[in-house]
Amino acid sequence: MSDQRLWDDVDAYFTALLSPEDDILRAALRDSEAEGLPHINVTPPQGRLLQLLARLQGARAILEIGTLGGYSTIWLARALPADGRLVSLEYDPHHADVARRNLARAGLDRIVEVRVGPALESLPLLADENPPPFDLVFIDADKANNARYVEWSLRLTRTGSLIVLDNVVRGGRVTDGSDPDPSVRGTRAALELIAGHPRLEGTAIQTVGGKGHDGFALARVVA
């Protein structure tokens with residue numbers, strides 16, 4: 001049995017036992033695929049992890065950078081109270097339309113707002129609104145700008161907030177400081193920012209599973 005087949009089998013076991021998808025989540029994936037969106041959403045165990053992190057945070061406000069079809073958004077929004085708020089930033093208008101439909105079907109459109117445009121343009125506009133600090137930020141957008149997304153996350157959070165950065169392993173290439181790939185360089189810059197920033201404490205974990213060899217970083221705002 002190949003490594004990937006074994007990882008897939010373990011993910012399937014964990015999903016069935018601990019993070020089963022319901023009809024709404026399955027429909028979000030089905031419709032996203034039918035609309036031609038790339039198959040790069042989080043896995044069900046990863047979605048459950050995000051949901052548990054949001055609940056452990058007691059999150060009332062969540063910021064997501066990178067919506068895609070709204071699959072991870074549904075997992076996160078379900079952790080919010082009825083008067084909670086989730087703002088999700090999506091570059092692609094078509095992706096945003098699909099996500100809005102998926103969120104409406106999930107009954108979450110009243111607490112989730114999908115904003116369209118480059119995140120580095122949307123984030124300053126959001127900051128200008130002076131919103132209450134976000135309790136959790138999930139970054140899963142273009143990797144070249146990861147460090148800038150972490151910097152903006154710091155401006156929009158508070159002491160005790162949690163920042164989650166997805167896809168930090170890059171198939172193991174993250175260790176290569178000479179790799180010219182902007183996704184690798186951007187991820188390394190974000191990790192180095194987390195390591196050296198006086199307001200952050202964090203770690204990174206590598207994972208295997210349905211998304212291959214991957215991983216995520218966690219950073220807590222400490223000041």
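Other residues, nucleotides and ligands contribute over 12 non-hydrogen atoms within 6.0 Å of the CZ atom of Arg199.
With sequence neighbours left out, Arg170 forms a side chain to side chain donor-acceptor pair (under 3.5 Å) with no residue at all. Evaluation of the side chain to side chain donor-acceptor pair (under 3.5 Å) rule for Asp23 yields Arg26 as partners, not counting sequence neighbours. Annotation: side chain to side chain donor-acceptor pair (under 3.5 Å) contacts of Glu21 (sequence neighbours excluded): Tyr71.
Leu200 and Phe216 sit in two unconnected hydrophobic clusters of ILVMFWY residues. Membership requires side-chain heavy atoms under 4.5 Å apart, directly or through other members. When the side chains of ILVMFWY residues are joined at heavy-atom separations under 4.5 Å, either directly or via intervening members, Val168 and Val184 end up in two distinct hydrophobic clusters. Grouping the Ile, Leu, Val, Met, Phe, Trp and Tyr side chains by contacts below 4.5 angstrom, directly or via other members, places Val221 with Val150. Under the 4.5 Å side-chain heavy-atom criterion for Ile, Leu, Val, Met, Phe, Trp and Tyr, Leu50 and Ile163 are members of distinct hydrophobic clusters. Val169 is connected to Ile139 through a chain of hydrophobic side-chain contacts under 4.5 Å among Ile, Leu, Val, Met, Phe, Trp and Tyr, so both are in one cluster.
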Extract all donor-acceptor atom pairs below 3.5 Å that involve side chains of residues 123-134 and protein atoms in other chains or at least two apart in sequence.
residue	atom	partner	partner atom	Å
Glu129	OE1	Arg115	NH2	3.0
Glu129	OE2	Arg115	NH1	2.9
Glu129	OE2	Arg115	NH2	3.3

Please tabulate, for the side chains in residues 172-180, all donor-acceptor contacts under 3.5 angstrom to protein atoms that are two or more places apart in sequence or on a different chain.
residue	atom	partner	partner atom	Å
Arg173	NE	Asp179	OD2	2.9
Arg173	NH1	Asp181	OD2	3.4
Arg173	NH2	Asp179	OD1	3.1
Arg173	NH2	Asp179	OD2	3.2
Arg173	NH2	Asp181	OD2	3.0
Thr175	OG1	Gly172	O	3.1
Asp176	OD1	Ser178	N	2.9
Asp176	OD1	Ser178	OG	2.6
Asp179	OD1	Asp181	N	2.9

Could you list the donor-acceptor pairs under 3.5 angstrom formed between side-chain atoms of residues 27-43 and any protein atom two or more places apart in sequence or on another chain?
residue	atom	partner	partner atom	Å
Asp31	OD2	Arg105	NH1	2.8
Asp31	OD2	Arg105	NH2	3.1
Ser32	OG	Ala28	O	2.7
Glu35	OE1	His94	NE2	3.4
Glu35	OE2	Arg101	NH2	3.4
Thr43	OG1	Gln46	N	3.3
Thr43	OG1	Gln46	OE1	3.3

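Here the CZ-OG distance, from Arg100 to Ser88, works out to 10.0 Å after rounding to the nearest 0.5 Å. Distance check: Asp142 CG to Ile65 CD1 gives 9.5 Å after rounding to the nearest 0.5 Å. The CG atom of Asp140 sits 10.5 Å away from the OH atom of Tyr149 when rounded to the nearest 0.5 Å.
Between Asp11 and Pro45 the shortest side-chain heavy-atom distance falls below 4.5 Å.
Judged by distance alone, the side chain of Glu151 and the main-chain N or O of Asn146 form no donor-acceptor pair under 3.5 Å. For the pair Gln51 (side chain) and Ala79 (backbone), a donor-acceptor distance under 3.5 Å is absent. Listed for the Glu90 side chain is a donor-acceptor partner under 3.5 Å among the backbone atoms of Leu68. A donor-acceptor contact shorter than 3.5 Å links the side chain of Asp135 to the backbone of Arg60. Arg220 places no side-chain N or O within donor-acceptor distance of the main-chain N or O of Leu162, the cut-off being under 3.5 Å. Side-chain atoms of Thr67 do not come within 3.5 Å of backbone N or O of Gly70 as any donor-acceptor pair. Looking at Asn145, its side chain never comes within 3.5 Å of a backbone N or O of Arg148 through a donor-acceptor pair.
Between Glu64 and Ser72, the side chains place a donor N or O and an acceptor N or O closer than 3.5 Å (distance only, hydrogens not considered).
Between Leu191 and Ala204, the closest heavy-atom pair is CD2-CB, 4.3 Å.
Using a 4.0 Å cut-off between a side-chain N of Lys or Arg and a carboxylate O of Asp or Glu, Lys211 and Asp166 qualify as a salt bridge.
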